Amino acid sequence: MPPTQSESVIKNIIREIEQECASYGEVASDTLIAFMVKAVVLDPSNGFNMDRTLIKSDVEKLVKLCVNRLLDSKNPSLDTIKMQVYFDMNYTNREEFIEEHHRILESKLDFVTREITDNRACAQKELESLYRKIVSYVLLRTGVGSPTDIKIVREATAALQSVFPQAELGTFLSLSKKDKELQLKELSMIVTGIRLFNRETGKGGEGIEFLPDILHEAIPATAQHIDSQLQIAQDQAYRYTAILEKVTNNPLLSVELKPYMLKELLYNVRQYEIFLKIILSEIITCAQEVKLMTKQLGALLEQLKMNVSSKTAIPTSQVFPIFIALSHLWIGFQDETVLIGILSNLTTNLERFLGTHEILFPEEAIQDLLREVTVKTDMYRLKEHMEERVHLVDFRKQEWLFPETTANFDKLLIQYRGFCGYTLATTDGLLLPGNPAIGILKHKEKYYTFNSRSAAYSFAENPEHYINLITEKAKKNAELIQLLELHQQFETLIPCSEIKVITKHIKPITKSETGTQTDTHILPPTIVRSYDWNEWELRRKAIKLANLRQKVTHSVQTDLSHMRRENYSQVYPTRNAATQSMREGSTAVPRPQIYIAGLRGGQTKTTYGVKVNLTRAVDET
């Protein structure tokens with residue numbers, strides 16, 4: 001069947017199952033139904049052939065089986081699958097949690113941001129309205145006060161005016177949309193830093209809750225609650241394990257107890273325990289981050305106090321970076337607060353998948369079954385076989401790893417989440433913790449632990465046989481696929497949260513090569529990089545430098561740089577130029593000489609002058 005047609009058939013089956021469940025008042029998500037469909041098909045007792053195309057009767061049978069399992073309210077296996085699907089759909093790592101929180105915050109601010117960046121205010125009232133919107137944006141973005149509180153708005157407006165007066169709105173409106181958004185974010189951080197500093201000095205900070213103090217109370221309370229729930233789950237798992245061991249040793253009790261139901265309850269509480277440990281590790285990480293950020297916050301506030309004290313004017317280059325750093329730290333505190341709330345809600349919602357325990361096996365029935373039975377904890381079981389070690393001389397072909405001879409021993413990815421594979425295969429699914437101190441078996445680049453030396457020896461004789469038994473058991477109980485991390489055997493049922501880490505196997509370091517090196521040059525090098533021995537290369541550089549004096553520096557100005565900074569250009573001044581020929585030459589012309597006679601007068605009253613030109617001709621000179 002082509003992939004597109006197969007997907008269409010699966011979607012139709014899921015839709016039909018969803019409608020059937022809805023008719024009985026049961027709401028099931030598409031993810032849960034899809035998981036249940038694959039689980040029913042994998043179960044060999046249902047008689048589905050994976051290599052054959054489903055016919056109409058197969059589809060009807062599949063729908064009926066899935067609906068019956070989804071409507072079974074007293075089925076621990078269904079509760080475990082629901083728990084796994086819920087956790088897979090609602091949990092991710094802390095980086096993705098924080099990134100999703102920021103994305104949602106940005107989407108909520110999109111409308112306010114567009115109102116500011118697309119504004120074309122010209123009149124005075126329009127500019128005042130735009131400034132008020134910027135103040136609201138600052139408060140909404142940082143989350144340090146309500147934009148409807150008059151006192152908070154006034155304080156935020158005063159802080160904003162100290163760094164961004166209303167007179168600068170004209171320059172702001174001339175920027176591009178991207179530059180406006182960047183400036184809005186920067187103004188938000190600076191204003192937040194100013195208000196946090198004012199709160200520290202007792203001069204403001206209206207409506208700001210001090211998040212470090214809140215987190216220092218919330219984190220221990222949340223961790224204590226999760227730890228108590230974890231202890232209850234572990235105690236329940238220890239008791240179920242003790243009862244199942246009793247049934248294994250006395251087969252006559254299996255008729256009355258229904259051990260398969262008890263094992264499903266064990267799987268349910270073990271899965272709950274694993275999820276609680278994951279959440280608790282995230283809470284511990286939050287506590288470490290909060291502790292580090294609290295120290296950084298105190299250091300920044302002290303630095304600001306030192307810079308501001310006894311000074312009337314402070315350069316913005318000194319305080320603005322500190323205000324921005326304060327804002328970043330405060331955003332970090334807000335992220336941790338959101339993360340604590342998400343993890344706390346996740347823990348609370350996981351508890352609703354544990355309802356079948358009290359219904360199927362009340363406390364009185366458990367106490368009766370525990371008579372003359374020693375309840376062993378996981379730590380007690382580890383210490384019980386601590387002295388047992390696998391002897392390497394008994395195995396020539398298998399590779400065994402031990403703590404004292406293997407680096408990264410504690411970081412190895414153990415199969416079946418560290419449970420004993422031999423016990424799991426031979427007791428039809430009993431979960432006992434493996435003891436790494438006995439020895440870790442390496443088989444086909446995978447690592448296995450066991451709860452006793454005899455179990456290790458038996459498993460090592462024929463590992464493939466026991467691995468196949470566990471795989472067949474997981475087909476009957478689909479919740480084991482995620483509980484035991486059997487991803488490679490059932491790639492179609494890999495949860496989304498596990499896809500990224502499947503290929504991340506940490507390999508042990510059993511051998512290593514070492515070497516030493518002696519420095520060739522003890523003293524620092526004294527090579528002059530500018531030296532050049534080639535005379536022609538020196539001439540080329542000289543010509544290049546000489547040519548630079550004939551160049552002119554040009555400058556241009558764009559719309560983006562207009563009114564943002566001063567521009568300068570530099571040119572070489574002009575100089576007088578002269579030329580010289582091979583020899584000097586000159587020419588001479590006759591000097592003009594003109595004589596006027598009769599100027600002294602005579603006997604007559606009238607004077608007559610006679611002009612005589614005495615200048616010599618050119619050819620006579």
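Not measured: the values here are computed from a predicted model.
Panel note: side chain S344, backbone G341; no donor-acceptor pair is recorded below 3.5 Å. With hydrogens and angles ignored, the 3.5 Å screen pairs a side-chain donor or acceptor of N90 with a backbone N or O of Y86. In this structure, the side chain of R69 does not engage the main chain of C66 through any donor-acceptor pair within 3.5 Å.
No more than 12 heavy-atom neighbours from other residues, nucleotides or ligands sit within 6.0 angstrom of CD on E209. Heavy atoms from other residues, nucleotides or ligands lying under 6.0 Å from CD of E464 number more than 12. More than 12 heavy atoms of other shown residues, nucleotides or ligands fall within 6.0 angstrom of atom CD in E351. Remark: K476 NZ is loosely packed, at most 12 non-hydrogen atoms of other residues, nucleotides or ligands lying under 6.0 Å away.
In summary, the side chains of N477 and K473 do present a donor paired with an acceptor at a separation below 3.5 Å, with no hydrogens or angles considered. The closest side-chain donor-acceptor pair between D394 and Y457 falls under 3.5 angstrom. Counting only N and O atoms by type, the side chains of Y272 and Q236 include no donor and acceptor under 3.5 Å apart. The closest side-chain donor-acceptor pair between E99 and H102, if any, does not fall under 3.5 angstrom. Side chain to side chain, Q84 and Q271 meet the donor-acceptor criterion of an N or O pair below 3.5 Å. With no hydrogens or angles considered, a side-chain donor-acceptor pair links S454 and S452 at under 3.5 Å.
Aromatic ring pairs are classed by plane angle as parallel below 30°, tilted from 30° to 60° and perpendicular above 60°; the pair F87 and Y91 is parallel. Aromatic ring orientation, F450 versus F459: tilted (interplanar angle from 30° to 60°). Taking the six-membered ring for Trp and thresholds of 30 and 60 degrees, H357 and Y240 have nearly parallel ring planes, at less than 30 degrees apart.
Among all heavy-atom pairs drawn from P433 and N451, the shortest one is O-CB, 3.5 Å. Closest approach of P212 to F333, counting heavy atoms only: CG-CZ, 3.7 Å. Summarising the geometry of A223 relative to L280, their closest heavy-atom pair is O-CD1, 4.0 Å, with the distance given to 0.1 Å. Scanning both residues, L140 and L105, for their nearest heavy atoms gives O-CD1, 4.3 Å.
Of the residues listed (E95, E96, R94), the one engaging T92 in a side chain to side chain donor-acceptor pair (under 3.5 Å) is E96, and it is the only one.
Applying the salt bridge (charged side-chain N to carboxylate O under 4.0 Å, His left out) definition to pairs two or more places apart or across chains, those involving residues 14-32 are E26-K82. Residue pairs meeting the salt bridge (charged side-chain N to carboxylate O under 4.0 Å, His left out) criterion with at least one member in residues 233-244, sequence neighbours excluded: R239-E363.
Ion pairing between K446 and E399 fails under the 4.0 Å rule for side-chain N and carboxylate O. Looking at E106 and R103, no side-chain N of the basic residue comes within less than 4.0 Å of a carboxylate O on the acidic one, giving no salt bridge. One finds a salt bridge joining R270 and D378 here, because a Lys/Arg side-chain nitrogen approaches an Asp/Glu carboxylate oxygen to under 4.0 Å. A salt bridge does not link E181 with K185: every distance from a Lys NZ or Arg NE/NH1/NH2 to an Asp or Glu carboxylate oxygen is 4.0 Å or more. E404 has a carboxylate O that lies under 4.0 Å from a charged side-chain N of R389, or vice versa, which qualifies the two as a salt bridge.
Between L370 atom CG and K246 atom NZ the span is 7.5 Å, to the nearest 0.5 Å. How far SG of C21 is from CG of L71: 5.0 Å, rounded to the nearest 0.5 Å.
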(Q) Please determine whether side chain to side chain contact (heavy atoms under 4.5 Å, CB included) holds for the pair L339 and D335, giving the CA-CA distance in whole Å, both sets of side-chain angles, and the decisive distance to 0.1 Å. (A) CA-CA 6 Å; L339 190 57; D335 292 340; over 6 Å; no
